[in-house]
Visitor: 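So that we are looking at the same thing, I have put the structure below in structure tokens.
Just so it is clear, the model here is predicted, and its values are computed rather than measured. In what follows, residues are counted from 1 in the order of the sequence shown.
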Amino acid sequence: MKVVVDLTRCQGYAQCAFAAPDVFAIRGDEALLYDTVPEHAQREKIARAAAACPVQAIFLECEDAGHRQHGPEARVAASGPEKAGKRTGRIVVVGASLAGLRAGLILRREGFTGSLTVIGDEPDPPYDRPPLSKQVLMGQVDARRTALPRREEVDAHWRLGVAATGLDLGGKQVVLADGERVGFDRLLITTGVRARPWPNEAEAGLDGLFALHTPAEAEGLRQRLAARPGRVLVIGGGFTGCEVASACRDLDIPVTVAERGPTPLVGALGAVIGGVAAQMQRDHGVDLRCGVQVEALQGDGAGRLRQARLSDGSVLDVDVVVAALGSVRNVEWLEGSGLAAGVWGVACDAGCRAVDVNGVVTDDVFVAGDVARCPHPVYDYQYLSLEHWGNAVAQAQIAAHNMVSAEGERWPHLALPEFWSTQFGTEIKSVGVPTYADQLIIAQGSVAQRRFVAVYGYHGRITAAVAFNQSKWLEFYAGLIDRAAPFPPSFRITDQPTDARPVAADVPDRPTPHATVVVTGHGPSERRATLVRRTYL
């Protein structure tokens, strides 16, 4: 049996922990950790836990999923020739990811009866990434057993372990690394992201340097942590870096976090709430160093990592380094395809239809998940690239539905961004885009007790909310964001601080990238847009 919890939906009621305490555990007040592949003897307790969940956030894999085929009873009957045409033909999904798996399920549920091919460059079937930086590192879950549960089998041809290297839009073909060409009538791009590598190639080969994105990387790091290193250095204070540091402290391993910004999580939450996260780390024994960068890594004669030199002149003796440097979107294979694909992802409209370099929306190519750049009406139709579990699931559903629906029946992707992180016994959750803000206010709770809700505002309206161990309130604030409610909130609410007042959000300046598109040609009939390849971020 496989278990996955939609932690964007979970509100920390802890009913699962009461029903199956050997599988589900609450750390601190609300932070939920769970075994993704529990023992068979726990089956009945897990079923009761899933049934008892007030928000139905627990999903289980059916034991016969590997033998189940989709019959006519699972298909949505088509009505009319257009719908029938949309539900036949050839669909190719490039990216065997969470979004790719979810889209495949929805396509079959929506009545698609044609050929479905899923292409993935990794040899593993789609897996769940959140446990890799949490349960796996602490030895609670085997990294090789993090495959996503399937409540029903996807009737698809899986091409795993072979990368897509090109896209021929005119010929409607995906080019694979082995030279094969896979034809399609409609294409869904869900290639996601990969971990940004350490930039110095010589240092990147040192024994003891890790990234953290795949099950193999997580397993390698887990083994090193189990060997009790003298000190771990985490480079980067984003969510992955903070979660790795949290796991180290849970294992009582000394850890240093080097963050070039003023606080950890500054890029996601701003410096005000980032300061709260910084104090939380120091309270748990993390050697947190902000405003510094790692300039060099040094090894011994055998190529084993031994030291790190920081920009402040200090030198650390380290056995393990985790480079949590952010991610790179997997778009290189689209170079020259004619799609608007760059370092920020693949541009698409609100219906997940890809945009070409001329700004024209395509009708047969769709995008979903971490690699997608989608405009959102709440944020002035700015293009957002979101690396969140919940966004991948929601966007994949929209894309799959629209691929097999008539023009008048297509849906927009309007879901507000949500994310979560479990670190240092605290559950941090967010709804909206916290960095799209100029002010924030602590609307509920106590920062000192690490139990509060911070509400963000931009030009007088509420744009986001971040909760530390107060996730039950986020649905309420999501409604305020959708309605563009005034900021600061003027209503009375439970546990409201008496001295609450807005302060500057102190979010990073939005980067202004160089132009990625230039217009060429001399006459109206010759005008074309051409992508200019950049490697900046």
Visitor: Any ring-ring contact (aromatic ring centres under 6.0 Å, His included) pairs touching residues 263-283, not counting sequence neighbours?
Guide: none

Visitor: Could you list the residues that satisfy ring pair (Phe, Tyr, Trp, His ring centres under 6.0 Å) with F24, not counting sequence neighbours?
Guide: none

Visitor: Quick check against the 3.5 Å criterion: does R108 have a side-chain atom that pairs as donor or acceptor with the backbone of D155?
Guide: yes

Visitor: Quick check: does any side chain N or O of H388 sit under 3.5 Å from a backbone N or O of G369, one acting as donor and the other as acceptor?
Guide: no

Visitor: Does a side chain donor of either E243 or S133 reach within less than 3.5 Å of an acceptor in the other side chain?
Guide: yes

Visitor: Indicate whether the side chain of E427 and that of N469 have a donor and an acceptor atom separated by less than 3.5 Å.
Guide: no

Visitor: May I ask you to check whether T214 and E122 show a side-chain donor-acceptor distance below 3.5 Å?
Guide: no

Visitor: What I want to find out is whether D207 reaches R224 closely enough, with some N-O distance under 4.0 Å, to be called a salt bridge.
Guide: yes

Visitor: Any ring-ring contact (aromatic ring centres under 6.0 Å, His included) involving residues 232-285? Give me the pairs, sequence neighbours left out, ordered by first then second residue.
Guide: F239-F419, H284-F424

Visitor: Applying side-chain hydrogen bond (donor to acceptor under 3.5 Å, both in side chains), name anything that partners R306, two or more places apart in sequence or on another chain.
Guide: D300

Visitor: Counting N and O atoms only, with roles assigned by atom type, does the side chain of T191 sit under 3.5 Å from a partner on the main chain of N330, one being a donor and the other an acceptor?
Guide: yes

Visitor: Taking the basic N atoms (NZ, or NE/NH1/NH2) and the acidic carboxylate oxygens, is any pair closer than 4.0 Å for R450 and D283?
Guide: yes

Visitor: Between D287 and T256, is any side-chain donor less than 3.5 angstrom from a side-chain acceptor?
Guide: yes

Visitor: For the side chain of R282 and the backbone of V286, is there at least one donor-acceptor N/O pair under 3.5 Å apart?
Guide: no

Visitor: Looking at residues at least two apart in the chain, or sitting in another chain, which of them share a side-chain hydrogen bond (donor to acceptor under 3.5 Å, both in side chains) with E39?
Guide: none

Visitor: Surrounding CZ of R260 (heavy atoms of other residues, nucleotides or ligands, distance under 6.0 Å), is the total greater than 12?
Guide: no

Visitor: With no hydrogens and no angle check, is any side-chain donor or acceptor of R329 less than 3.5 Å from a backbone partner on W344?
Guide: yes

Visitor: Can you check whether L251's main-chain N or O pairs, donor with acceptor, with R228's side chain at less than 3.5 Å?
Guide: yes

Visitor: What I'd like to find out is whether the side chain of I189 reaches to under 4.5 Å of the side chain of L334, using heavy atoms alone.
Guide: yes

Visitor: Side chains of V94 and L188: closer than 4.5 Å at any heavy-atom pair?
Guide: no

Visitor: Return yes if a side-chain donor-acceptor contact under 3.5 Å exists between H413 and N391, otherwise no.
Guide: yes

Visitor: Hey, are D178 and R159 close enough for a salt bridge, meaning a charged N less than 4.0 Å from a carboxylate O?
Guide: yes

Visitor: Can you tell me if Q293 uses its side chain to pair, donor with acceptor, with the backbone of E295 under 3.5 Å?
Guide: no

Visitor: Is any side-chain heavy atom of L310 closer than 4.5 Å to one of V315?
Guide: no

Visitor: Going by distance alone, is a donor N or O of one side chain under 3.5 Å from an acceptor N or O of the other, for S97 and R102?
Guide: no

Visitor: Near Q279 CD, under 6.0 Å, is it more than 12 heavy atoms from other residues, nucleotides or ligands?
Guide: yes

Visitor: Within the distance-only criterion (no hydrogens, no angle test), does the side chain of Q395 pair as donor or acceptor with the backbone N or O of A368 below 3.5 angstrom?
Guide: no

Visitor: Does H376 reach the main-chain N or O of L414 with its side chain, forming a donor-acceptor pair under 3.5 Å?
Guide: yes

Visitor: With sequence neighbours excluded, tell me which residues meet side-chain hydrogen bond (donor to acceptor under 3.5 Å, both in side chains) with D142.
Guide: R144

Visitor: Give a yes or no on whether the backbone of T463 and the side-chain of Y379 come within a donor-acceptor separation of less than 3.5 Å.
Guide: yes

